[in-house]
Amino acid sequence: MFPEVASQSPLLQNLNDEQLAAVTLPNEHALILAGAGSGKTRVLTTRIAWLLSTGQVSPGGVMAVTFTNKASKEMMTRLQAMLPVNVRGMWIGTFHGLCNRFLRAHWKLANLPQGFQILDTQDQLSAIKRVMKQFNVDEERFPAKETQWFIAGCKEDGLRPNVVETRSDDDRRKVEIYQLYEDQCNREGVVDFGELMLRSYELLRDNDPIREHYQRRFRHILIDEFQDTNKLQYAWIKMLSGLANDGQMHEAGSVFAVGDDDQSIYAFRGARVGNMADFVSEFRVRHQIKLEQNYRSHSNILDSANELISHNKKRLGKNLRTDQGPGEPVRVYEAPTDLAEAQWMVEEMRHLVRGEGAEPGVPRHEIAVLYRSNAQSRVIETALFNAAVPYRVYGGLRFFERAEIKHALAYLRLLENRNDDTSFLRVVNFPPRGIGARSIEQVVDAARVAGCSLHDAVSATTGKAGANLTAFVARIDAMREQTVNLSLREIIEIMLQESGLIAHYKSERDGADRIENLEELVNAAESFVTQEGFGRDVVAMPVDELSPGMLRQSPASQGLDPSQPEVNEPAPDYVPPDAETGETLSPLAAFLTHAALESGDNQAQAGQDAIQLMTVHAAKGLEFDCVFVSGLEEGLFPSERSMTEIEGLEEERRLMYVAITRARKRLYLSYSQTRLLHGQTRYNVRTRWFDELPEGALKWLTPKNQNFGGSAFGYGSGYPSTRSNGFSSGFASRETFASPQVPAQKTEPSHGLKAKMKVFHTKFGEGTVISLEGQGADARAQVNFPRHGIKWLALSVAKLTPVT
DNA sequence: ACTTCGGGAGTTTTT
DNA sequence: CTCCCGAAGT
């Protein structure tokens with residue numbers, strides 16, 4: 001479209017053909033299939049910069065959506081580096097962050113209180129428990145966790161209680177709880193994460209002027225990680241982009257969706273890969289570009305990934321290539337025990353860090369250990385700890401999720417909103433002030449009768465046992481008055497003292513860390529306030545401020561064609577109904593919102609050069625020079641629960657694909673014959689993924705056992721024996737293995753069952769063995785019966801006869 | 001009000 | 001086995 005621009009602009013230099021084509025696509029819907037390590041973020045940011053600097057759109061006309069705060073920050077940073085533009089003022093953010101911003105601007109129309117606060121997952125669970133207790137729901141039959149999952153699932157599908165389909169009494173009861181929970185949230189003026197999305201969607205859907213305004217305004221909507229969008233997010237995008245439910249196109253912007261179906265690993269939380277195909281057909285996408293050039297890994301690693309993922313049936317189709325040479329082979333290691341596997345990894349790491357011969361050492365933070373489930377980190381940590389190797393585990397509690405921080409935030413929320421019963425209950429007796437379950441029950445009852453908040457119920461009742469409660473409420477109210485017009489920092493400092501939190505932790509044995517964290521909260525607030533634009537990301541922004549004018553540099557100064565096309569956007573003075581321009585949230589409310597939307601770092605001891613430990617899920621989007629993928633065993637990876645469905649198995653394969661593609665130079669794959677799980681030793685077979693990798697790219701550090709895992713016998717004898725696999729004798733010795741661990745004595749299985757075997761049970765009929773565990777009297781088999789589902793059967797009890 | 005005991009569960013996770 | 005929650009005991 002602008003060939004002369006393409007050749008001139010410094011922005012577009014060093015892009016490959018595919019990337020350049022994607023960046024300079026015309027203003028129409030497009031799908032970019034971006035493989036791992038193909039420069040996806042670069043394409044997204046350059047696309048925005050190019051649109052802006054060629055004058056095709058002004059900053060106010062761009063919306064860029066990501067899933068994580070990290071990704072949106074990255075995008076802003078890189079965009080800022082390319083162009084002199086006020087990125088904070090642009091609509092770049094997470095789905096939830098942008099929905100929040102939208103709802104802050106239109107809180108009245110959205111039927112929300114101005115300072116509505118956001119419930120995180122913990123808060124949501126306790127709110128649900130509260131509802132269920134109040135309405136005497138049997139927690140045995142309806143576990144709170146499941147109810148929470150149900151409600152979140154409904155919202156992800158865009159369903160309100162009145163439209164959820166019910167088939168059983170249990171369904172109806174669940175929907176009833178959903179409705180009661182909604183009522184409670186509305187009464188208390190809080191929204192959960194799903195609600196942020198759903199409310200925004202509904203407001204766009206139901207309010208024509210608002211919808212039309214934003215449709216006209218956002219000329220370009222860019223979506224990152226499109227394969228992770230759920231049903232509601234897809235509908236939201238459709239609404240904003242003018243493709244309304246009637247199938248009609250309205251005057252609106254175009255959607256630039258970037259994703260990779262091969263890296264879709266979040267189906268369990270509502271992500272629909274199908275959105276990619278739907279997008280192509282519903283939006284009549286004419287521009288599809290594949291980014292297949294990989295800049296990350298050597299070809300042995302890439303070939304392995306390609307070969308593995310080619311076993312998936314449902315794909316849009318993509319094959320990564322690299323200009324880098326084959327590099328090192330992918331190293332495969334079999335260990336006798338999980339501990340031995342961990343010790344081998346640690347030893348290998350020490351070699352890597354030290355460096356060998358002319359090779360310089362690898363920095364520790366360039367080495368990652370990936371595993372399927374968090375439980376697997378323990379044994380690896382033990383080995384690292386014993387060897388005194390510094391390491392860092394990802395995925396613990398994040399800063400704003402720590403108990404002491406949640407307590408402090410609860411006090412702050414009560415200052416902001418006295419109706420926040422979740423916060424009230426969290427701190428009414430913390431620090432302990434003699435308010436027991438009995439007293440709390442009374443207030444809860446009183447509040448229900450009066451239909452008011454707990455706070456108000458206390459002031460309304462003059463009970464005998466209520467002296468402590470009255471004192472508590474008085475203290476909160478006094479704090480609220482005392483902190484009027486004070487700075488955020490002062491408010492928090494006063495709260496920390498007056499609440500008694502500091503005093504309480506001072507008297508506690510190991511309260512020092514907690515006090516430190518509380519002090520860190522003050523710092524977090526301070527830097528939030530001094531941030532440029534003062535929490536712009538969470539505050540409603542006057543709408544007229546968003547119109548042309550944020551990009552003042554002339555396009556010519558960017559070396560671009562000055563004869564830019566007309567920018568077609570709403571007039572700068574247009575203000576959509578209800579956007580109370582100039583009206584801002586209090587610093588406190590803004591900070592609380594920030595805390596809910598961005599739960600902070602979850603990496604302990606940042607800064608130190610340490611080995612990185614994380615789940616494969618957590619590793620998505622990251623890359624390392626050296627990667628260990630551990631615990632590659634049937635039942636673990638793929639996980640037991642995924643193995644019964646093809647869909648589940650394909651997602652596990654994608655997960656493995658993600659794991660492999662994290663590595664730049666060196667990849668290790670390892671597994672163990674035995675593993676301590678749930679307190680007992682399990683005998684595992686190596687994962688089926690090994691049969692889907694190109695043998696030529698692999699190097700077996702331990703001999704590959706031909707007796708097991710081969711296709712002839714299917715998977716999982718369940719009991720590979722030490723003697724038959726030649727482990728103890730034919731041990732490849734280059735790998736430093738301080739003391740080869742001999743596995744515990746094992747007896748041969750007597751039942752003669754194998755996975756995939758067809759068996760007959762007198763009661764359940766014919767079924768297929770999925771897996772086996774334990775031995776002797778404890779031996780159990782997991783069997784899938786077509787009529788009765790999956791059962792665990794103790795072999796000493798159940799009579800299973802092999803069917804030939 | 002605080003401690004201790006027992007039962008049950010134990011993929012993956014961001015907002 | 002180990003962690004967490006809820007309930008009973010002191």
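Atom set for the values below is all heavy atoms of this structure, side chains included, hydrogens, waters and symmetry mates excluded. Residue numbers start from 1 in every chain, and the chains themselves are labelled A, B, ... in the order their sequence lines are given, proteins ahead of strands.
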A.B. asks: Give the rounded distance in Å between these two atoms: CZ of A:R675 and P of C:dC1.
C.D. replies: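 From A:R675 CZ to C:dC1 P: 18 Å.
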
A.B. asks: Under 4.0 Å, heavy atoms only, any strand: does A:I435 hit a base, just the sugar-phosphate, or nothing?
C.D. replies: sugar-phosphate

A.B. asks: To the nearest angstrom, how far is A:Q124 atom CD from B:dT14 atom P?
C.D. replies: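 It is 16 Å, rounded to the nearest whole Å.
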
A.B. asks: Taking the side chain from A:Q124 and the backbone from A:Q148, do they hold a donor-acceptor pair closer than 3.5 Å?
C.D. replies: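 No, the answer is negative, given that no donor and acceptor are paired below the 3.5 Å cut-off.
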
A.B. asks: With P as the reference atom in both, quote the distance from C:dC5 to B:dT12 in angstrom, rounded to an integer.
C.D. replies: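 About 16 Å, rounded to a whole number of Å.
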
A.B. asks: Can you check the distance between B:dT13 and C:dC4, where both ends of the measurement are the P atom (answer in whole Å)?
C.D. replies: 16 Å

A.B. asks: Tell me the interatomic distance from A:E156, atom CD, to B:dT14, atom P, rounded to whole angstroms.
C.D. replies: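 After rounding, the gap between these two atoms is 14 Å.
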
A.B. asks: Does A:T121 make a side-chain donor-acceptor contact with the base of B:dT15, cut-off 3.5 Å?
C.D. replies: yes

A.B. asks: Round to the nearest Å and state the distance from A:F399 atom CZ to B:dT15 atom P.
C.D. replies: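 Interatomic distance, CZ of A:F399 to P of B:dT15: 16 Å.
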
A.B. asks: Just jot down the side-chain contact (heavy atoms from CB on, under 4.5 Å) partners of A:A64, sequence neighbours excluded, or say none.
C.D. replies: A:I48, A:M75, A:I92, A:L222

A.B. asks: Would you call the rings of A:F528 and A:H594 parallel, tilted or perpendicular if under 30° counts as parallel and over 60° as perpendicular?
C.D. replies: tilted

A.B. asks: Roughly, in whole Å, what's the span from CD in A:Q680 to P in C:dC1?
C.D. replies: 10 Å

A.B. asks: Quickly work out the A:I118 CD1 to B:dT15 C1' distance and round it to whole Å.
C.D. replies: 9 Å

A.B. asks: Look at A:N69 and B:dT15 and indicate whether a side-chain polar atom (N or O) is within less than 4.0 Å of OP1 or OP2.
C.D. replies: yes

A.B. asks: For A:M656, which of A:L669, A:T687, A:I265 qualifies under side-chain contact (heavy atoms from CB on, under 4.5 Å)?
C.D. replies: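 Exactly one option meets the side-chain contact (heavy atoms from CB on, under 4.5 Å) with A:M656, and it is A:L669.
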
A.B. asks: Base, sugar-phosphate, or nothing for A:G194, non-hydrogen atoms under 4.0 angstrom?
C.D. replies: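 Counting heavy atoms under 4.0 Å across all strands, no contact is made by A:G194.
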
A.B. asks: State the CD1-CZ distance between A:I118 and A:R413, to the nearest 0.5 angstrom.
C.D. replies: 8.5 Å

A.B. asks: Sugar-phosphate means primed atoms, P, OP1 and OP2; the rest is base. With that split, encode nucleotides 3-13 of chain B 5' to 3' as B, S or - using protein heavy atoms under 4.0 Å.
C.D. replies: -------BBBB

A.B. asks: Toward the 5' end of DNA chain B, which comes first, A:P432 or A:F95, by nearest nucleotide?
C.D. replies: A:P432

A.B. asks: Between A:F637 and A:Y671, is the ring centroid distance below 6.0 Å?
C.D. replies: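 No; A:Y671 has its ring centre 6.0 Å or more from that of A:F637.
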
A.B. asks: Is the distance between the ring centroids of A:F268 and A:H617 less than 6.0 Å?
C.D. replies: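 Ring-ring flag for A:F268/A:H617: true, centres closer than 6.0 Å.
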
A.B. asks: If you round to the nearest 0.5 Å, how far is CD1 of A:I177 from CD1 of A:I128?
C.D. replies: 9.0 Å

A.B. asks: Could you write nucleotides 2-10 of chain C as a row of B, S and -, 5' to 3', where a protein heavy atom under 4.0 Å of any base atom gives B, of only sugar-phosphate atoms gives S, and otherwise -?
C.D. replies: -S--S----

A.B. asks: Grab the CG-P distance between A:L98 and B:dT14 for me, whole Å please.
C.D. replies: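 The distance from CG of A:L98 to P of B:dT14 comes to 19 Å, rounded to the nearest Å.
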
A.B. asks: What integer number of Å spans the C1' atoms of B:dT14 and C:dC3?
C.D. replies: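 One C1' to the other, the span is 24 Å.
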
A.B. asks: Report yes or no: is the cationic atom of A:R104 (NZ for Lys, CZ for Arg) under 6.0 Å from the centre of the six-membered ring of A:F116, at an angle within 45° of the ring normal?
C.D. replies: yes

A.B. asks: Is the A:F67 to A:Y266 ring centre distance short of 6.0 Å?
C.D. replies: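 No: the rings miss the under 6.0 Å criterion.
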
